[in-house]
Each structure stands twice: as C-alpha cells, then as structure tokens.
Amino acid sequence: MLQFIHCSHSCLYLAIMDLLLSHLIFFMLFLLPYSSFAQNKSRVEVGATITASDKAAPWLSPSHDFAFGFRKLDEQNLFLLSIWFYKIPDQTVVWYANEGIPVSAGSRVVLNPEMGLVLYDPRGNQLWKPNNLLNAIAYGSMSDTGNFMLLRGDSSPEWESFNYPTDTMLPTQIMQSGGVLNSRKSENNFSSGRFQFRLLADGNLVLNTRDVQSNMAYQAYYQSGTNDPSNSSNSGYQVVFNQMAQMYILRKNNQSMDLTPNSPPLVENYYHRATLNFDGVFGQYYHPKSSSKNPGWNIVWQQPDNICLENTPTEGSGTCGFNSICQLNINQRPICQCPQHYELLDPNDEYGSCKPRFTLSCEEDNSNKSAEDLYGFEELINIDWPNNDYVQMNPTTEMECRTSCLYDCFCAIATFDSGNCWKKRQPLANGRKYPKVNGILKVFLKYKKVDMLP
Ligand SMILES: *[C@@H]1O[C@H](CO)[C@@H](O)[C@H](O)[C@H]1NC(C)=O
Ligand SMILES: *[C@@H]1O[C@H](CO)[C@@H](O)[C@H](O)[C@H]1NC(C)=O
Ligand SMILES: *[C@@H]1O[C@H](CO)[C@@H](O)[C@H](O)[C@H]1NC(C)=O
Ligand SMILES: *[C@@H]1O[C@H](CO)[C@@H](O)[C@H](O)[C@H]1NC(C)=O
Ligand SMILES: *[C@@H]1O[C@H](CO)[C@@H](O)[C@H](O)[C@H]1NC(C)=O
C-alpha cells in the first residue's frame, strides 16, 4: 500500500482497478469450478464404476481431503480398494476393503443398488462386497471426514466405512464396545497381522497380540482399565475420536477417560488419524494440511511406552517373531533383529521369526567330536527371553552356567545374573534388549560350529 502514497488520483484509481481485477480473476478461477460442481462432487451415482489402472480417477470428497478408489501399491502392479488422504504426498491409506488383499489392473468396483459396492476381478468374478445391507442404495458419498457412505433414498446411511474400521480411526469416528482394529501385516501388506486394538464388552480397551490362524487373543499389553465389574455404569462403552481430534473412552455414566493427553494440534490446520501400526504400537498422529515439504506424520500420543518390555504374552512370539530380539527405535517403535547365528525364516519379513543356521539335536553325534569342539557360545548382555526358562540353577557360577548349557542338548541359551542361571529352550519368545538395567545380565547364546547335516 505504501507505494500508493506518492500517487496521483488517476494513478491510485488505476492501481485499485488493477487490484480489483486481479482479485476478480482470482475469484473466478477459484469459485467457478467450485460452485458449479464441487458441492455435489462426492455424490456417487448408482452404476458408477472405477477400473483399477494407473490413471483411474478415485471418488473424491468435496474438499478433496479423502479419496475412495484403487490406490496403487508401491513397486507392484497391484491395487488396493481403499480410502486415503488425497492431498498429502504420502497418500496415507486409512481404510481398505477385501481384507486388505490387493487386486490386479483391470479389476472393477461398481456402486450397485442391491449389493452396495461390489469388487470384481478382471474376469468379472466377485471378490468382495459389504456385509449386512438390508435396504436398497440410492447413492454413495465420500465425505470430508473420510467416511465412505452408502445412502438410502431418504439420504439416511445404510452402510458406512466408519462402522467397519480396518487399522485406523479418524476424527468424528466412534468405536462401540465389541469393536476391533487389526494391524496390517507390514507397512505395505494390508492383510491382517498379529496385533489388535479392542474395546471389550466389559468396557476395557486393550491392545493384544493374537494367533493369526485362529484369532485367539493373547494377554493384553495395554489396558485402559475402564471396566468396573462391581458397577457396570462406570464401564466404558465407546472409543470416541471427536471433531477436535481428542480421543477418549466414554463410560456409561457419561464420564470419560482421556486418551489424548493434551490439546492436539488444531484440526483446521492439521489432519489427524489414530492407527494401530503393523508393529503393534497404537498412536494418534497429525500432519499439516498444507506444506511445501513432506513433513510426514508426527506423534500426538502412543501406547504402549515400550512394547518390547510390556508385551510378554505366555503364548505366541510376542512383539517380534520367534527367536528374534525386540528393541525400540527413536520413535518408540520396535525393531526386530535375529541374534548372531540366526537368520530370518522369511527373508522379506523383518518382523517375523528367525531360524538358527544350525541344528541343536539330542541325537548322538557320530563324528566323535566333543561338545567343546561342536558348540560355541556368543556372549551378549542385557537381552532376555523371559518365558523360555526350563531350568533355573542357584547358587551357581557363570562358568557352571555356561558348561551346563554346553552339555545339555535342550539348551539353546543360558542367562546368568548374580548367582542365578536360567537355561532356555527354543523357540525363544518375547526376546528383548533392555535399554539399561542395574545388574548385568550375561547371555550365552549356543551355536553349532560345524553343522553335520547335509
Ligand atoms: C446436489 O444434490 C442435491 C440432492 O440431489 C440437489 O437437491 C441439489 O440441487 C444439488 N446441488 C447442486 C449444486 O447441484
Ligand atoms: C501379505 O502377507 C500375507 C500373510 O503373510 C501373505 O499371505 C500375502 O501373500 C502377502 N501379500 C502380498 C501382496 O505380499
Ligand atoms: C454405580 O456408580 C454410579 C456412579 O458412576 C453411582 O451413582 C451408583 O450409585 C452406583 N451403583 C451402585 C449399585 O453402586
Ligand atoms: C448421558 O448424556 C446423554 C446425552 O447428553 C444423555 O442423553 C444421557 O441421559 C446421559 N446419561 C447419563 C447416565 O447421565
Ligand atoms: C569314533 O570312535 C569309535 C571308537 O572310539 C571308532 O570306532 C569310530 O571309527 C570313530 N568314528 C569316527 C567318524 O571317527
């Protein structure tokens, strides 16, 4: 504005006209496309279809914050029928259909009045549709909250993706008691993994591992404690993620237990999501809505503080696979590593089980070699597998502990701490590295020097 001060009247007039004109053009550019079709843009008509391909246009929410359609998976010609944050570089997936199984190019999704959404493979075989539809669908809608809805003729919802969450909740989404989030297998494999986030019927919110084959839930590694067997009106019944991005457990007496500890970053400027990560950590994360860089997602809060230590179910492998060792990275997220002389069972699954590169066997060895010649020990410190003990010796010495393991064909590992020796058998579960302990836990990891098997 300062430049106008030394202007003559006509000059000022021109400058103002110029300013108005540029604003007018700006408004025309901005408003015209917006008012003409953006308002109903999220309305998906019956019969609408998307075919999975590199240039398949998704169904967008009015603000374009969310998209529904086929999201191409990295480095594969596979597509996941899903909902994702459309405007940020990560295009983070928040919901997926078909149990997370991706489909090949040429697959189609169709909005069908009777079946809702139907996913077909390229040959026309039906792969997936939503369950529990009772009434005919008039249209679909991708909403700005990230909820994909199938609506009846009177615009009431018949089906909503918010009622069938996968691994993520979004602001304005509510989980009722009995609700579950399942982790995915890995960052890029959306099949169900080992971890669950469940609001139990008694009102307790828990995180637990499970047996993937049978769905048997193991002991929880996080509990909200919002269950009161003596007075159920004190018990929780909903996990609420409200429009201010605050998460809490609502009790039947209308009191609540906060999950989000402080005021989260403002929803006007930040996207929020709460995800059960593939590694078992549950957290609320935020991401700026606009940024010239790619700032990624930051933590509002996470549970548990140390999943390597807190997740110790008596069955199952724990946070990492069997024979693996869990350690936290700087974001309090677990990293899994095979011990020396062990390697990944599935080389593509870093969080999976490890197998020894040798065989421990109680068969007589006919090479006439002594145990000393056959076996060696790797010495480690402050690593433990707390549920694998089959013998405890006390009092004993470090040397006795090691020798006892050497001559014991069942012994995979021995640990020693102040006169105590624990002998442990395979498969080793819940392996964890302690960040810092008072005493020093010595670990003797037994391995076979020369494997006799062909
Ligand atoms: C949007 O759809 C509704 C319901 O079909 C209709 O009444 C309204 O006129 C539409 N608005 C625009 C701007 O097309
Ligand atoms: C994802 O993991 C599951 C379970 O381990 C496996 O069966 C499936 O083949 C994987 N999918 C992809 C696309 O890699
Ligand atoms: C249960 O707890 C509520 C408070 O949440 C209290 O008002 C009510 O009296 C209690 N009922 C019983 C049977 O103790
Ligand atoms: C809880 O709040 C809802 C809505 O505000 C109200 O309808 C209900 O009566 C309340 N319940 C109790 C037990 O206070
Ligand atoms: C092991 O020792 C026995 C007797 O001590 C001998 O007969 C046999 O040949 C030896 N085997 C090998 C592989 O050296």
Side-chain angles (χ1 to χ4, degrees), residues 52-54 70-82 84 91 93 95-107 119 121-122 127-128 166-168 172 174-177 181-196 199 201-205 209-216 224-244 246 248-258 275-280 316-324 334 336 338 343-355 427:
S53 78
D54 283 331
F70 290 104
R71 168 100 151 47
K72 191 173 188 194
L73 298 183
D74 298 341
E75 297 162 26
Q76 291 166 311
N77 203 25
L78 290 173
F79 299 83
L80 186 66
L81 184 60
S82 54
W84 66 92
Q91 304 224 317
V93 171
W95 181 88
Y96 33 93
N98 196 30
E99 267 97 60
I101 301 165
V103 295
S104 50
S107 301
L119 175 63
D121 74 8
L127 296 175
W128 176 88
T166 51
D167 63 355
T168 295
T172 73
I174 290 172
M175 176 183 279
Q176 306 290 345
S177 64
L181 301 180
N182 279 303
S183 67
R184 51 180 95 152
K185 180 78 199 316
S186 66
E187 203 64 65
N188 297 310
N189 183 331
F190 294 77
S191 297
S192 300
R194 281 201 294 278
F195 304 95
Q196 294 184 310
L199 182 58
D202 69 2
N204 203 5
L205 175 67
T209 45
R210 66 175 183 132
D211 173 55
V212 174
Q213 210 176 333
S214 67
N215 204 31
M216 161 87 196
S224 64
T226 45
N227 54 323
D228 184 351
S230 66
N231 184 344
S232 72
S233 79
N234 298 328
S235 293
Y237 75 107
Q238 284 184 338
V239 177
V240 179
F241 198 175
N242 73 11
Q243 70 275 16
M244 312 287 286
Q246 290 153 329
Y248 55 89
I249 300 167
L250 192 59
R251 300 177 195 262
K252 286 174 191 155
N253 60 16
N254 276 355
Q255 298 195 330
S256 59
M257 179 194 146
D258 287 342
T275 302
L276 176 58
N277 295 292
F278 75 91
D279 55 24
S317 63
T319 303
C320 298
F322 288 110
N323 295 329
S324 188
C336 299
C338 295
E343 65 193 7
L344 288 173
L345 198 55
D346 172 357
N348 298 316
D349 186 5
E350 280 176 63
Y351 291 78
S353 295
C354 306
K355 61 180 182 196

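Here the structure is a predicted model, which means the values were calculated and not measured. Whatever order the structure lists ligands and atoms in, that order sets their numbers, starting from 1.
Of the listed options N253, N254, N231, N231 places a heavy atom closest to atom 3 (C) of ligand 3.
The shortest distance between side-chain heavy atoms of R194 and S317 falls below 4.5 Å. Taking the side chain as every heavy atom from C-beta outward, Q246 and D258 never approach each other to under 4.5 Å. Residues F79 and D54 have side chains in contact (heavy-atom distance under 4.5 Å, counting atoms from C-beta outward).
At the shortest separation from atom 4 (C) of ligand 2 among protein heavy atoms lies K185 CD, 4.1 Å. What sits closest to atom 13 (C) of ligand 2 on the protein, heavy atoms only, is P102 CG, 4.1 Å. In terms of protein heavy-atom proximity, atom 14 (O) of ligand 2 is nearest to N189 ND2, 3.5 Å. The protein non-hydrogen atom at the shortest distance from atom 5 (O) of ligand 3 is N234 OD1, 2.5 Å.
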Next item on the list: Just do the salt bridge (Lys or Arg N to Asp or Glu O under 4.0 Å) check on K185 and D349 with the steps written out, would you?
Entry: CA-CA 9 Å; K185 180 78 199 316; D349 186 5; 3.3 Å; yes

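Each of the following atoms of ligand 3 lies closer than 4.0 Å to a heavy atom of S233: 1 (C), 2 (O), 3 (C), 5 (O). Residue K252 has at least one heavy-atom neighbour below 4.0 Å for each of these atoms of ligand 4: 13 (C).
Per-atom contact check: atom 11 (N) of ligand 2 touches the protein, criterion being a heavy-atom distance below 4.0 Å. In this structure, atom 7 (O) of ligand 4 has no protein heavy-atom contact shorter than 4.0 Å.
In summary, of the residues considered (N182, D167, T209), a side-chain hydrogen bond (donor to acceptor under 3.5 Å, both in side chains) with Q196 occurs for N182 alone. Of the residues listed (Y96, F278, W95), the one engaging F190 in a ring pair (Phe, Tyr, Trp, His ring centres under 6.0 Å) is Y96, and it is the only one.
Under 3.5 Å, the side chains of S214 and D211 contain a donor-acceptor pair of N or O atoms.
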